[in-house]
Amino acid sequence: MKSRIPLVLLACGSFNPITNMHMRLFELARDHLHQTGRYQVVEGIISPVNDEYGKKGLVSARHRIAMAKLALETSDWIRVDPWESEQQTWTETVKVLRHHYNESLRSLQFKKEIMKNKRPTEGSTVDSLPYQHPVLPELKLLCGADFLQTFKTPNLWKEEHIKEIVEKFGLVCISRAGSDPAQYINESTHLTKFQHNIFLVKEWIQNEISATQIRHALCRGLSVKYLVPDSVISYIAHHNIYTEESERKNEGDLLQPLKLHKTVNPLND
Amino acid sequence: DPDKKTEVVLLACGSFNPITNMHLRLFELAKDYFHETGKYKVIKGIISPVGDAYKKKGLISANHRVTMAKLATEDSGWVEVDDWESSQSEWLETLKVLRYHHQKLLSPDPTNSLQNAIPLTKPGRKRKQEPNRHDPVKKKNQSPDIKSVPQLKLLCGSDILESFGIPNLWKQEDITEIVENHGLVCISRAGNNVQKFIYESDVLWRHKNNIHLVEEWITNDISSTKIRRALRRGQSIRYLVPDVVQAYIEKNNLYSPESEDRNAGVVLAPLQKYTSD
């Protein structure tokens with residue numbers, strides 16, 4: 001039996017706050033990849049963006065991480081990673097991918113070392129083969145279809161990063177019934193070239209819980225129960241995180257990637 | 001007292017096969033809506049799963065459906081499950097369920113009646129269900145003041161409202177009594193046809209003040225049909241239903257191609273009843 005490729009799903013984003021929809025993306029992606037017969041999804045990672053991203057209404061990473069942790073308490077395969085949020089500055093997505101890929105290689109190496117030190121069992125069984133010839137894990141970026149669209153936004157992404165993301169890593173892109181991400185792929189040379197590495201998953205059960213709407217509801221004292229885990233709702237209430245004031249944070253500021261790339265490309269001024 | 005708010009109880013009828021986060025959301029949306037009007041106060045939500053005699057395709061045993069709904073609302077301070085409808089041996093019209101619950105609201109609160117011998121545990125239990133209620137509704141029920149009886153309204157999605165138009169599914173006089181004596185709270189997605197539907201119906205138009213339309217801006221179309229489909233295909237339903245419901249379904253292996261075939265070819269109870277009348 002051909003062994004499946006171990007796969008890690010990484011979702012980058014504000015998670016401001018985390019919602020049931022975010023977690024649903026992971027479940028959908030995992031089901032889809034398992035159905036291909038080629039992959040074994042071993043881990044899901046949520047990587048909340050750094051505060052320096054400068055997005056309007058972005059509350060402190062400390063809170064966003066805490067909320068994600070609470071939400072994922074009951075998940076046995078998805079976890080939150082604070083690395084990106086702990087960096088000094090905003091980090092490009094490709095760098096976050098590189099970091100987590102290296103980490104997964106390291107943990108694979110660690111497992112290899114453990115196996116080497118174990119006494120070999122009688123007879124080499126099929127099960128021990130993967131440790132002699134380990135299948136390298138793959139790390140893919142999990143996202144929504146709107147994310148694909150952002151590749152077109154001027155100065156938001158560097159060309160070579162888009163290329164590296166789809167070529168070296170790959171995308172798992174969840175879209176609603178009615179939207180056509182294949183179109184965006186068609187419109188981009190890079191995406192078209194590596195479309196075999198872009199997995200399109202259709203979400204038939206509409207569940208578009210946008211975090212922005214959640215924040216609006218919270219500001220107005222409206223209920224978000226059953227859209228966001230109860231533990232997260234309690235946390236938000238306890239710390240009074242989302243207010244009219246928090247929503248005005250970074251108002252009028254440019255997003256960090258736009259600032260960065262503007263200085264890199266003086267021709268665009 | 002001009003500041004006194006009208007108390008409202010929401011009743012949701014349906015298959016709840018299984019209950020989903022969307023069903024639970026309907027209650028939250030309706031409650032927020034009424035509170036924002038400043039005129040109403042929602043004091044209770046009731047989930048009334050339909051009886052097995054409804055004969056809908058894929059409808060599993062009421063026992064399971066009631067249990068799942070109870071698990072889902074365990075931590076809710078105001079929404080509860082009522083199994084009166086589901087324990088009837090015959091299918092009951094929605095109007096009859098409304099009348100039953102309305103009657104229950106009219107009769108004096110048993111915990112305050114000095115004539116009834118009630119076990120001591122009961123008052124405690126009631127308090128646990130409604131921890132945040134400061135209004136002494138119990139006291140009001142003792143007085144003959146009819147105005148203080150809460151209004152019972154049918155909570156539903158736009159699909160129920162639009163089903164009023166399906167031949168032989170509803171009795172016209174039932175629809176009239178529902179909107180006239182009780183009222184509807186209809187949750188629908190932005191860009192729906194509900195207003196048009198109300199406009200095109202004389203009965204609904206006449207009582208449109210008693211039909212409260214609530215717009216759901218956060219798209220949340222988690223239909224039970226889709227949940228059952230996902231389960232048959234071994235797909236995850238996490239974060240679409242409460243974790244306890246998902247665990248219960250898994251443990252009891254509730255939904256399968258066989259369960260979906262239940263009542264296949266059988267005529268739905270209301271259609272059977274009204275076509276033969």
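Each chain gets a letter, A, B and so on, in the order its sequence line appears, and its residues count up from 1.
With a threshold of 4.5 angstrom between heavy atoms, A/Asp31 approaches chain B through side-chain atoms but not through N, CA, C or O. Interface remark: B/Leu29 contributes no atoms to any contact with chain A (heavy atom separation under 4.5 Å).
Ring planes of A/His239 and A/His63: tilted class, angle from 30 to 60°.
Chain A forms more heavy-atom pairs under 4.5 Å with one residue of B/Ile222, B/Thr20, B/Ile237, B/Ile227 than with any other, namely B/Ile222. Among the candidates B/Arg233, B/Glu36, B/His35, the residue making the largest number of heavy-atom pairs closer than 4.5 Å to chain A is B/Glu36.
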query: Please walk me through it: do A/Phe15 and A/His22 pass side chain to side chain contact (heavy atoms under 4.5 Å, CB included)?
result: CA-CA 8 Å; A/Phe15 300 101; A/His22 291 131; 3.7 Å; yes
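A salt bridge does not link A/Glu251 to A/Lys249: none of the charged side-chain nitrogens sits closer than 4.0 Å to a carboxylate oxygen.
Of all heavy-atom pairs spanning A/Leu9 and A/Ala29, the tightest one is CD1-CB, 3.7 Å.
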